[in-house]
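Shown next, in structure tokens, is the structure this report addresses.
As the structure is a prediction and not an experimental result, all values here were calculated from the model. For the numbers below, each heavy atom of this structure counts, side chains included, while hydrogens, waters and symmetry mates do not.
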Amino acid sequence: MSEGKRVDLETLYYERPAPGVAMVTLNRPDRGNGVVVELVRDLFTVLDEWEPDPSVRVVVLTGAGKQFSAGADLVAMREYLINELPVRNEPFNARALFPLTQRILASRLVFVAAINGGATAGGLDFALACDLRIASTKAKLGETYINLGLAPGNGGSWLLPKLVGSGVAAELALTGDVVDAHRALELGLVSRVVEPDALLPAALELAAKIANKPWRALEATKHALRASWTQDFPTAMNTSYQVTDALHRQPDLLEAVEAFLEKRPPRFNKGIDD
């Protein structure tokens, strides 16, 4: 796929705005970009294409309209509860939604969530699974499952305490309160807040900066950071040694050293973006 070309699928569209960078826009604005089976299918289709391709290194994820994602589509959920739950005997969208956050966490790609509006329940969990989160001043974030008589169902019960601590996570999940962007920044839910018109430029600038780094080191760094959430320190150090040893054998390290000594910018990912 060439840079600049937009491709539309049923529930989202995607494009390649810069070398190493792809952008996915959830495109169900009339339903709050609610997560349905078809959206997960379309996102997986895109990831199946991008994950083996080293020319894609960072993905910016955002929503069309006024919402990032309101979580489960409640119209579809109501129909499911009435007509299908008695037959299937399992949670709404479970077979589709449960793998979604897992796929993002496991992906070699770095994900930047550009939260343009509401991100609640499963929509918040979707954003929490991303590696970085930038919010518009119009963003509203909430782990609102409790307001529907549910507990966090798509990774939030694991991700949220890691990001904001157990006490704050408990308050958010047990009250179902929605916080604005500035409070989200204070809590550590997002790393940056910008004006609405600056959201995508800021997210794309950050994504391009990251994508310019060596692709093998990006993948290793993402997974080392994720693994640190569950590893003890000696295990993390051993993993770090093995990763460092492997990266020493890649051409980007020598290029970085030579560029520094020659006082010039390094040229990483040669032969990929050329």
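- Placement of Val60 and Val110 within a single hydrophobic cluster is found when ILVMFWY residues are connected by side-chain heavy-atom separations under 4.5 Å, directly or transitively.
- The local environment of CG in Asp48 is crowded, with over 12 non-hydrogen atoms from other residues, nucleotides or ligands closer than 6.0 Å.
- The backbone N or O of Ile115 lies less than 3.5 Å from no partner atom in the side chain of Arg133, so there is not a single donor-acceptor pair.
- The shortest distance between side-chain heavy atoms of Val243 and Thr239 falls below 4.5 Å.
- More than 12 heavy-atom neighbours from other residues, nucleotides or ligands sit within 6.0 angstrom of CD on Gln231.
- The residues Arg264 and Glu255 are annotated as salt-bridged, a charged nitrogen and a carboxylate oxygen being separated by less than 4.0 angstrom.
- Listed for the Asp131 side chain is a donor-acceptor partner under 3.5 Å among the backbone atoms of Phe111.
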Donor-acceptor list for residues 179-186 side chains, cut-off 3.5 Å, not counting sequence neighbours:
residue, atom, partner, partner atom, Å
Asp180, OD1, His182, N, 3.3
Asp180, OD1, Arg183, N, 2.8
Arg183, NH1, Glu186, OE1, 3.0

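- One N or O on the side chain of Asn116 and one on the backbone of Gly65 form a donor-acceptor pair closer than 3.5 Å.
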Test side chain to side chain contact (heavy atoms under 4.5 Å, CB included) on Leu247 and Leu253 and set out the steps.
-> CA-CA 7 Å; Leu247 292 174; Leu253 175 58; over 6 Å; no

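- Judged purely by atom type and a 3.5 angstrom limit, Gln67 uses its side chain to pair as donor or acceptor with the backbone of Gly118.
- What you find for Asp252 and Pro214 is that their closest heavy atoms are OD2-CB, 3.3 Å.
- There is no side-chain donor-acceptor pair under 3.5 Å between Asn238 and Thr235.
- Between the side chain of Lys222 and the backbone N or O of Ser107 there is at least one donor-acceptor pair closer than 3.5 Å.
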Working for side chain to side chain contact (heavy atoms under 4.5 Å, CB included), residues Leu12 and Leu43 = CA-CA 8 Å; Leu12 57 82; Leu43 183 59; 4.2 Å; yes

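- In this structure, Arg103 forms a cation-pi arrangement with Phe44, its terminal cationic atom sitting closer than 6.0 Å to the ring centre and no more than 45° off the ring axis.
- Without hydrogens or angle criteria, Arg6 side chain to Tyr14 main chain gives no donor-acceptor distance under 3.5 Å.
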All N/O donor-acceptor pairs, side-chain side in residues 68-83, below 3.5 Å, sequence neighbours left out:
residue, atom, partner, partner atom, Å
Ser69, OG, Asn33, O, 3.0
Ser69, OG, Gly71, N, 3.3
Asp73, OD1, Arg31, NH2, 3.1
Asp73, OD1, Val75, N, 3.0
Asp73, OD1, Ala76, N, 3.1
Asp73, OD2, Arg28, NH1, 3.3
Asp73, OD2, Arg28, NH2, 3.0
Asp73, OD2, Arg31, NE, 3.2
Asp73, OD2, Arg31, NH2, 3.2
Tyr80, OH, Glu90, O, 2.7
Asn83, ND2, Glu79, O, 3.4

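- With sequence neighbours left out, Val194 forms a side-chain contact (heavy atoms from CB on, under 4.5 Å) with Ile134, Arg192, Ala198, Leu199, Ala202.
- Under a 3.5 Å cut-off, the side chain of Thr175 and the backbone N or O of Glu171 do form a donor-acceptor pair.
- A donor atom on one side chain and an acceptor atom on the other are not found under 3.5 Å apart for Glu195 and Ser136.
- If you run side-chain contact (heavy atoms from CB on, under 4.5 Å) between Val178 and each of Thr144, Asn147, Leu124, Leu141, only Thr144 comes through.
- With 3.5 Å as the limit, one finds no donor-acceptor pair spanning the side chains of Asn27 and Thr25.
- In terms of modelled atom types and a separation under 3.5 Å, the side chain of Thr62 and the main chain of Ala114 share a donor-acceptor contact.
- Aromatic rings from Phe268 and Trp215 are positioned such that their centres are separated by 6.0 Å or more.
- Remark: side-chain polar atoms of Thr221 are not paired, donor with acceptor, to backbone N or O of Leu218 under 3.5 angstrom.
- Here Arg267 does not pair with Glu258 in a salt bridge; the nearest charged N to carboxylate O distance is not below 4.0 Å.
- Judged purely by distance below 3.5 Å, without hydrogens or angles, the side chains of Asn154 and Tyr145 pair a donor atom with an acceptor atom.
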May I have the step-by-step check of side chain to side chain contact (heavy atoms under 4.5 Å, CB included) for Leu160 and Leu172, ending in yes or no?
-> CA-CA 9 Å; Leu160 193 59; Leu172 292 173; 4.3 Å; yes

